[in-house]
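Reading through the structure tokens given below for one structure.
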Amino acid sequence: MKKRIFSGAQPTGELHIGNYLGALKNWVKLQDEYDAFYCIVNLHAITVPQDPKVLRKKTLDLARIYLAAGVNPEKSTIFIQSDVAEHAELAWVLNCVARMGELERMTQFKDKSKGNAARASVGLFDYPVLMVSDILLYQTDLVPVGQDQKQHLELTRDLAERFNRDFGETFVIPDPYIPPVGAKILSLKDPSKKMSKSDENLNASIFLLDDADTITRKIKKAVTDSGTDIKFDEERPAVTNLLTIYQLMSGKTSEECEAHFEGKGYGDFKRELAETVVEYMRPFQEKIKEYDDDELSKILKSGAEKAREIASKTLKDVYEKMGIK
Ligand code: ATP
Ligand code: LTN
């Protein structure tokens, strides 16, 4: 029996190369070896206000992005979170297992509520519990995510262990899969922050659908550090970030990257980086046009059926163990 993977992304904003290098790329790589479930987490999206029309469109667009990135519906199950009601049901149960103090420590909530918890939705506070439910419903072994989700994975393990202890063996305890390189691609404008979909500065991120001129312009305007060497160096996060993008997209080792740019200036480096990013994204950008709405609906419908089969078994077991059913 293959081990199982679960991961998801929110159908909000525009996906950027951070989402791709930190998560999606690994989803594609791991789908051969694992029984993979990739979810479009639209119930997570509404933890902050969304325009209903835009949300509906973005949900289908994100399915198209998964497919164009190389997630193969013959190998992996692709589905929309709200099509499987068990996600919300298990979240309620786990709300009764999670503790306020645990959720209060979540740094994503602190960031996304901008320190003003009183004005944030209860859903935003509870966001991690829904994520825990996504993962545990499928008896997941491995969760490929970027660095920013590490704390949520720790919570997942804690809640699973607590439930198993209190009610008997029920959930598999999942491991995070955080890639050694690319787990935190930084903003092109401020290397103290990660590249983020919700960044107001559109020049801080390279979006998956940016055209060649836009990519080239954004890289040209990206901030750099003092000094001129093009080397990996923790003290020089901006250049290290650009080199990391180059490394992942060129397929070279870090030593090869440094050797390649030895003696060259930022101008040459940025020009070559832009060409590399444009070429790397080209097949994805061509493929995304291939899927029409009918084909997508079929894939998502059969994905939801497959997901529901597993999710309903887990929820039934949970309810029986708790004396609900
Ligand atoms: P935002 O960029 O607004 O914080 P998000 O992280 O909520 O968006 P999702 O679409 O839910 O976006 O994330 C999808 C995946 O991309 C997650 O696994 C997340 O860890 C990963 N990811 C997000 N930003 C980065 C980044 N800058 N570098 C690497 N991985 C990232
Ligand atoms: N919180 C994640 C998205 C997400 C997720 C999941 C990732 C929701 N449920 C389950 C992995 C597994 C984020 O990236 N913002």
Side-chain angles (χ1 to χ4, degrees), residues 4-27 30 36-48 50 58-59 61-63 65-66 69 79-82 84 87-88 90-91 94 106-112 114 123-124 126-138 140-157 159 174-202 204-208 237 241 244-245 248 307 311:
R4 188 163 291 147
I5 300 188
F6 185 98
S7 199
Q10 302 190 73
T12 53
E14 299 292 327
L15 258 74
H16 49 67
I17 58 169
N19 300 123
Y20 191 86
L21 298 173
L24 266 175
K25 180 172 170 256
N26 299 312
W27 299 7
L30 294 165
F37 285 73
Y38 297 128
C39 185
I40 296 151
V41 294
N42 56 347
L43 297 175
H44 277 104
I46 57 169
T47 56
V48 295
Q50 302 292 343
K58 290 257 169 207
T59 302
D61 286 350
L62 187 54
I65 287 176
Y66 287 6
F79 71 103
I80 299 172
Q81 189 183 31
S82 61
V84 182
H87 289 247
L90 183 62
L94 294 179
M106 296 291 125
T107 56
Q108 181 175 297
F109 176 73
K110 288 182 208 163
D111 290 348
K112 299 223 162 176
K114 302 193 176 79
L124 189 67
D126 197 30
Y127 176 116
V129 177
L130 181 58
M131 176 165 167
V132 171
S133 307
D134 296 341
I135 297 168
L136 297 185
L137 267 180
Y138 297 91
T140 303
D141 297 289
L142 199 67
V143 187
V145 281
Q147 178 71 32
D148 60 326
Q149 297 302 315
K150 187 164 178 262
Q151 197 184 26
H152 291 161
L153 261 295
E154 283 158 11
L155 176 73
T156 308
R157 293 170 60 90
L159 295 191
D175 284 311
Y177 176 96
I178 297 173
V181 182
K184 189 176 178 186
I185 299 295
L186 306 176
S187 154
L188 299 183
K189 286 293 173 194
D190 176 0
S192 69
K193 298 195 301 197
K194 73 161 193 140
M195 192 176 280
S196 165
K197 281 182 190 168
S198 34
D199 199 318
E200 278 157 22
N201 186 346
L202 299 181
S205 310
I206 298 173
F207 300 113
L208 300 186
N241 186 46
T244 301
I245 297 169
L248 289 165

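Whatever order the structure lists them in is the order used to number ligands and atoms, beginning at 1.
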Between [X] and ligand 1, which residue portion shows a heavy-atom distance shorter than 4.0 Å: side chain, backbone, both, or neither?
{"X": "A23", "result": "side chain"}
{"X": "H16", "result": "side chain"}
{"X": "H152", "result": "neither"}
{"X": "S7", "result": "neither"}

Where is the nearest protein heavy atom to [atom]: which residue, which atom, and how far?
{"atom": "atom 3 (O) of ligand 1", "answer": "S198 OG, 2.8 Å"}
{"atom": "atom 22 (N) of ligand 1", "answer": "N19 ND2, 3.6 Å"}
{"atom": "atom 31 (C) of ligand 1", "answer": "G18 O, 3.6 Å"}
{"atom": "atom 10 (O) of ligand 1", "answer": "K197 NZ, 2.5 Å"}
{"atom": "atom 13 (C) of ligand 2", "answer": "Q149 NE2, 3.2 Å"}
{"atom": "atom 24 (N) of ligand 1", "answer": "K194 NZ, 2.9 Å"}
{"atom": "atom 28 (N) of ligand 1", "answer": "I185 N, 2.9 Å"}
{"atom": "atom 9 (N) of ligand 2", "answer": "D134 OD2, 2.7 Å"}
{"atom": "atom 20 (O) of ligand 1", "answer": "D148 OD1, 2.4 Å"}
{"atom": "atom 18 (O) of ligand 1", "answer": "G146 N, 3.3 Å"}
{"atom": "atom 1 (N) of ligand 2", "answer": "Y127 OH, 2.7 Å"}
{"atom": "atom 3 (C) of ligand 2", "answer": "G8 O, 3.6 Å"}

Which of the numbered atoms in ligand 2 are below 4.0 angstrom from a heavy atom of [X]?
{"X": "Q10", "value": "15 (N)"}
{"X": "V143", "value": "11 (C), 12 (C)"}
{"X": "V145", "value": "7 (C), 11 (C)"}

So, taking the atom named [atom1] in [X] and the one named [atom2] in [Y], what distance separates them when rounded to the nearest 0.5 Å?
{"X": "I65", "Y": "N19", "atom1": "CD1", "atom2": "CG", "result": "9.0 Å"}
{"X": "N42", "Y": "K58", "atom1": "CG", "atom2": "NZ", "result": "14.0 Å"}
{"X": "L24", "Y": "L62", "atom1": "CG", "atom2": "CG", "result": "7.5 Å"}
{"X": "K112", "Y": "T107", "atom1": "NZ", "atom2": "OG1", "result": "10.5 Å"}
{"X": "M106", "Y": "H152", "atom1": "CE", "atom2": "NE2", "result": "6.0 Å"}
{"X": "L90", "Y": "I135", "atom1": "CG", "atom2": "CD1", "result": "11.0 Å"}

Sub-4.0 Å heavy-atom approach of [X] to ligand 1:
{"X": "G13", "value": "no"}
{"X": "H44", "value": "no"}
{"X": "G182", "value": "yes"}

Closest non-hydrogen atom pair, [X] against [Y]:
{"X": "D190", "Y": "S187", "answer": "N-OG, 2.9 Å"}
{"X": "P144", "Y": "W27", "answer": "O-NE1, 3.4 Å"}
{"X": "P179", "Y": "V145", "answer": "CD-O, 3.6 Å"}
{"X": "L21", "Y": "N26", "answer": "O-ND2, 3.8 Å"}
{"X": "S205", "Y": "H16", "answer": "CB-CB, 4.1 Å"}

Looking at [X], which atoms of ligand 1 are within less than 4.0 Å of one of its heavy atoms?
{"X": "S196", "result": "1 (P), 2 (O), 3 (O), 4 (O)"}
{"X": "Q149", "result": "20 (O)"}
{"X": "V145", "result": "18 (O)"}
{"X": "M195", "result": "24 (N), 26 (C), 27 (N)"}
{"X": "G22", "result": "29 (C), 30 (N)"}

**Asked** More than 12 heavy atoms of other residues, nucleotides or ligands under 6.0 Å from NZ of K150: is that the case?
**Response**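 At most 12 heavy atoms, drawn from other residues, nucleotides or ligands, come within 6.0 Å of this atom.
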
**Asked** When you check the gap from the basic side-chain N to the acidic O, do D199 and K193 get nearer than 4.0 Å?
**Response**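 Looking at D199 and K193, the cut-off is met.
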
**Name of the residue among D175, D134, L153, I5 meeting side chain to side chain contact (heavy atoms under 4.5 Å, CB included) with V143** =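 Output: one option passes, namely L153.
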
**Request:** Out of I5, I135, T156, V41, indicate the one that has the non-hydrogen atom closest to atom 12 (C) of ligand 2.
**Result:**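 Heavy atom nearest to atom 12 (C) of ligand 2 belongs to I135.
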
**Asked** Is there a side-chain contact (heavy atoms from CB on, under 4.5 Å) between Q147 and K194 once you walk through the steps?
**Response** CA-CA 10 Å; Q147 178 71 32; K194 73 161 193 140; over 6 Å; no

**Request:** For the pair I40 and Y66, evaluate side-chain contact (heavy atoms from CB on, under 4.5 Å) and give the outcome as yes or no after the intermediate values.
**Result:** CA-CA 9 Å; I40 296 151; Y66 287 6; 3.7 Å; yes

**Ring centres under 6.0 angstrom apart (Y138, H87)** =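 Y138 vs H87: aromatic centres under 6.0 Å.
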
**Prompt:** Can you check whether Q10 has an N/O within less than 3.5 Å of an N/O in ligand 1?
**Reply:**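 Yes, at least one N or O pair falls under 3.5 Å.
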
